Each structure stands twice: as C-alpha cells, then as structure tokens.
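Owing to the predicted nature of the structure, the values given are computational and were not obtained by experimental measurement. Chain identifiers are assigned alphabetically (A, B, ...) following the order of the sequence lines, protein sequences preceding nucleic acid strands; residue numbering begins at 1 within each chain. Reckoned from all heavy atoms, side chains included, excluding hydrogens, waters and symmetry mates.
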Amino acid sequence: MTLSYAEEREANIRRNRLVLCDLKYKRLVPDKEPKEQPRVKSKRRATETEEHVEAPPRKTVRAEVLLDIPSDGKRRSNRLANHAPISDVRRGTPLPLTVKKIVSSSLGDTKNTRKHNPKVYGNIPGIEVGSWWATREECSNDSVHAPWVGGIAPGQDGAYSVALSGGYEDDVDDGYAFTYTGAGGRDLKGTKAAPKNLRTAEQSFDQSFEHNHNKALKRSAETGKPVRVIRGFKLQSRYGPSEGYRYDGLYEVKRYWTEKGLGKGGHLVCKYAFIRLEGQPDIPVNPAKIGDADDIGE
DNA sequence: GGGCCCGCAGGG
DNA sequence: CCCTGCGGGCCC
C-alpha cells in the first residue's frame with residue numbers, strides 16, 4: 001500500500017522522534033534506578049510567559065549522561081579538553097524573543113571582513129549564544145556558519161556548523177535535541193534538455209556518507225567535536241526564529257543512520273541526531289510558531 | 001504565491 | 001578552473 005506524503009512524513013517524524021527519545025532515556029538513567037517511574041509527559045504548555053518570564057535555570061541531567069554514550073565505544077577520556085570553553089556563557093539565561101541583536105561585524109560591506117576563522121570547533125569569540133542575523137551572509141561574515149547556502153560546513157574532524165532551515169520536512173526539532181538530514185541527492189543543474197542552475201531542489205537520488213558534508217557529520221559523531229548550530233526562520237519548529245538566523249550554541253552528533261527520505265522515489269537520506277551541550281543559555285520558544293505544521297517539536 | 005537567475009564560500 | 005549547497009532577490 002502506498003502512503004500519502006503526509007502519512008509518510010508522519011511516520012518518518014515518529015521514527016525520528018523515537019531516536020531522540022532513545023537518547024533521552026539513556027540520558028535520564030539515574031545512578032540509582034528509581035523503578036519504573038511512569039514517565040508522565042509533563043503537560044507543560046510552553047507559553048510565552050512561562051518560557052520568558054520565569055525560565056529558571058533548568059537543572060536537567062542532560063549533559064552528564066550524554067557523555068555516557070560513546071559513539072563507538074572508544075575513548076572519551078579528555079575529549080572535553082578540546083572543546084571551546086563554554087563556561088563563560090551564562091547559565092539558564094533566557095534569550096530574548098523579540099529583541100534582535102545584529103552582530104555582523106561587516107555592516108554594509110559586501111567584502112568578507114571576518115575577524116575569526118570559521119573553520120574551528122566550538123564557539124566563535126565574541127559571538128554569544130542567541131546572536132541573531134538577518135541573512136546567512138551576515139552570519140557567514142561573523143564566522144559562525146560560513147556557507148551562504150549550504151547547511152553543513154564540513155571539516156576534517158567533523159562539521160564546524162550546521163544550519164536548520166526546514167529544508168527537510170521530516171526532521172524533528174526539540175530544541176535541545178534534533179534530527180538533521182545530510183546533503184546531496186538533489187539535482188541542481190537539471191537535465192540537458194532542461195538545464196537549471198539551482199541551489200536547492202527535490203531529492204532525486206540517494207544520499208551517502210561518501211559525500212563530503214555527510215562524511216563530516218559522521219566524523220562529528222566519532223570524534224565528539226562540538227558543532228555550532230543556527231536556526232533559521234524557515235524552520236517549522238517552535239524553536240525557530242520568526243526572522244533571520246539565530247546562533248543556538250554547541251551540539252554534539254550522537255547518532256547517524258540512513259533512512260528513506262520523503263518525496264517521490266523515497267531516496268535514501270543520511271540522518272543525524274544532535275544533542276545540545278549543557279551549560280548554555282536556554283533556547284527561546286517562539287509563540288508564533290507553536291502549533292505550526294503538525295506541531296513539530298512537540 | 002511560483003519561477004528563475006544570480007553571487008558567494010568552500011572543496012575538488 | 002569546475003561543481004555543489006536547507007539563499008535571496010527579482011519578476012510575474
């Protein structure tokens with residue numbers, strides 16, 4: 001039987017959500033087994049006031065367990081020593097929802113005037129979590145995410161950064177965890193008969209980890225290098241900004257796999273599960289996006 | 001809204 | 001050089 005696009009998407013989302021849940025379960029495994037505590041899904045409706053006004057520093061257990069999930073069972077000894085220092089970011093500080101903070105260091109200058117090398121792992125000096133730009137170009141100028149279009153900035157030991165812009169409709173975003181789809185599998189130049197010069201297009205063939213970008217994210221999972229994450233206005237998630245692009249801090253890739261993507265043909269796509277590092281300012285919830293698109297990010 | 005073209009950063 | 005890529009602007 002053939003599923004409709006909506007049904008397929010629904011199924012994909014469910015599966016992706018399970019992957020994230022799986023990571024969370026591991027994360028929540030306490031030292032002292034409190035028996036099958038019925039996991040009541042806290043019925044918290046994230047209203048603006050709740051997230052905004054109160055937002056007490058959430059004492060979650062996220063990070064500690066994360067470190068318990070070696071991607072390949074190998075060393076994780078002093079891996080954190082290589083991480084950029086994140087101790088200087090304030091804990092639990094809610095980010096502003098409406099105040100736009102334009103950080104771009106090269107205002108009105110089309111030329112690249114970067115102060116820092118974007119090809120580094122971890123935070124960019126001087127760029128706070130929550131920083132906002134109107135365009136990818138400005139974000140690129142501030143070295144947070146170099147590519148103007150591409151979602152993945154690949155490096156030798158992992159990706160330096162990724163952009164969440166809602167390009168794949170079956171990805172799940174929980175803010176502190178999300179799934180992400182790799183690159184490739186799109187025919188950007190059309191056919192000989194009907195040549196195109198596109199930057200994005202529908203999936204028309206399989207993605208693979210041989211693709212440099214996808215390989216880099218796989219490496220991220222293996223090395224544990226932190227990945228900078230920006231969320232864009234097109235992201236159908238309550239954690240997506242209404243306009244522009246926002247730097248949401250550092251994440252680690254905890255898992256990678258392939259699955260059948262959406263669209264005609266159901267071509268394979270590379271998928272990744274990201275988990276946010278602890279000790280960073282909370283991510284704001286966007287009231288304007290709550291309830292969007294079947295409530296992705298629920 | 002959709003279609004089309006385009007610049008740019010980065011990698012091969 | 002070439003090609004790619006979850007942009008952006010313009011036109012209709």
Side-chain angles (χ1 to χ4, degrees), chain A residues 9 12-13 16 104-106 108-120 124 132-173 178-217 219 227-237 239-241 243-248 251 253 261-263 267 269-272 274 289 292-293 296-297:
Chain A
R9 175 164 170 269
N12 283 8
I13 286 175
N16 286 327
S104 186
S105 49
S106 59
D109 190 351
T110 56
K111 219 163 137 203
N112 194 331
T113 59
R114 282 184 188 142
K115 293 181 186 166
H116 299 281
N117 182 5
K119 288 186 271 190
V120 296
I124 301 298
W132 182 93
W133 305 267
T135 65
R136 288 277 298 264
E137 176 184 357
E138 294 174 51
C139 179
S140 176
N141 284 341
D142 274 343
S143 309
V144 171
H145 185 67
W148 283 34
V149 177
I152 304 166
Q156 202 60 40
D157 296 322
Y160 301 115
S161 54
V162 297
L164 278 66
S165 289
Y168 296 83
E169 298 184 26
D170 52 357
D171 274 325
V172 175
D173 182 19
F178 62 86
T179 65
Y180 194 79
T181 304
R186 297 172 152 176
D187 188 6
L188 302 178
K189 48 181 195 289
T191 62
K192 274 175 192 164
K196 306 201 175 215
N197 185 13
L198 302 173
R199 299 297 177 267
T200 62
E202 284 192 353
Q203 297 297 131
S204 56
F205 56 97
D206 288 351
Q207 294 185 357
S208 101
F209 291 113
E210 293 310 301
H211 188 296
N212 195 42
H213 295 189
N214 300 337
K215 191 187 297 177
L217 279 178
R219 280 287 290 159
V227 181
R228 293 186 297 274
V229 169
I230 62 171
R231 283 188 171 81
F233 66 99
K234 285 187 249 175
L235 183 62
Q236 296 297 307
S237 149
Y239 298 101
E243 304 172 72
Y245 299 85
R246 185 188 63 220
Y247 176 48
D248 281 345
Y251 289 68
V253 180
L262 284 177
H267 303 286
V269 291
C270 297
K271 301 283 287 196
Y272 307 87
F274 283 67
K289 290 206 171 187
D292 263 19
I296 301 181

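Residue A:Asn212 is classed as a sugar-phosphate contact, given heavy-atom separations below 4.0 Å to backbone atoms only. Looking at heavy-atom distances under 4.0 Å, A:Tyr160 makes no contact with the nucleic acid at all. Counting any heavy atom pair closer than 4.0 Å across all strands shown, A:His145 reaches no nucleic acid atom. Heavy atoms of A:Gly184 sit under 4.0 angstrom from primed sugar atoms or phosphate atoms, though from no base atom.
The closest donor-acceptor contact from the side chain of A:Glu138 to the backbone of A:Trp133 lies at 3.5 Å or more, if one exists at all. A side-chain donor-acceptor contact under 3.5 Å links A:Trp132 to the backbone of A:Glu243. Under the 3.5 Å distance criterion, the side-chain polar atoms of A:Asn214 are matched with a main-chain donor or acceptor of A:Ser208.
At whole-Å resolution of the value, OH in A:Tyr180 and C1' in C:dG5 are 10 Å apart. With rounding to whole Å, A:Arg136 atom CZ is found 13 Å from C:dG5 atom P. In this entry the distance linking CH2 of A:Trp148 with P of C:dG8 reads 10 Å, nearest Å. What separates OH of A:Tyr272 from C1' of C:dC6 is a distance of 14 Å, to the nearest Å. In this structure, A:Glu243 atom CD and C:dG7 atom C1' are separated by 16 Å, rounded to whole Å. Following rounding to the nearest Å, A:Glu137 (CD) and B:dC6 (C1') show an atom-to-atom distance of 13 Å. For the pair A:Leu198 CG and C:dC6 P, the computed distance is 13 Å after rounding to whole Å. A straight line from NE2 of A:His211 to P of B:dG11 spans 12 Å, rounded to a whole angstrom.
Considering only side-chain atoms of A:Tyr245, the nucleotide from C:dG7, C:dT4, B:dG10 that sits closest is C:dG7. Picking from B:dA9, C:dG7, B:dG11 the nucleotide with the shortest atom distance to the side chain of A:Ser140 gives B:dA9. Checking B:dC8, B:dG11, C:dC3 against every side-chain atom of A:Lys189, the shortest atom distance belongs to C:dC3. For A:Pro154, whose side chain is taken as the heavy atoms from C-beta onward, the closest listed nucleotide among B:dC6, B:dG11, C:dG8 is B:dG11.
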### Task
Walk me through it: do A:Arg219 and A:Asp157 pass the test salt bridge (charged side-chain N to carboxylate O under 4.0 Å, His left out)?
CA-CA 6 Å; A:Arg219 280 287 290 159; A:Asp157 296 322; 3.2 Å; yes

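OP1 or OP2 of C:dG7 has at least one side-chain nitrogen or oxygen of A:Lys234 nearer than 4.0 Å. Side-chain N/O atoms of A:Lys119 include one lying less than 4.0 angstrom from OP1 or OP2 on B:dG11. Here A:His213 does not reach the OP1 or OP2 of C:dC6: none of its side-chain N or O atoms lies under 4.0 Å away. Contact check, A:Ser165 against C:dG7: a side-chain N or O comes under 4.0 Å of OP1 or OP2. One finds a side-chain N or O of A:Arg114 lying less than 4.0 angstrom from the OP1 or OP2 phosphate oxygen of B:dG10.
With a 3.5 Å ceiling on both atom-pair distances, the Watson-Crick or G-U wobble partner of C:dG7 is B:dC6.
Inspection of the A:His145 and A:Arg136 side chains reveals an N or O donor paired with an N or O acceptor under 3.5 Å.
When each of A:Lys196 and A:Pro147 is assigned the nucleotide of DNA chain B with its nearest heavy atom, A:Lys196 is the one assigned upstream, toward the 5' end. Across the interface with DNA chain B, nearest-nucleotide mapping of A:Val149 and A:Gly155 shows A:Val149 to be the residue nearer the 5′ end.
Proximity of the aromatic rings of A:Phe178 and A:Phe274 is defined here by a centroid distance below 6.0 angstrom, and this criterion is met.
Taking the C1' atom of each, B:dG12 and C:dC6 are spaced 23 Å apart, rounded to whole Å.
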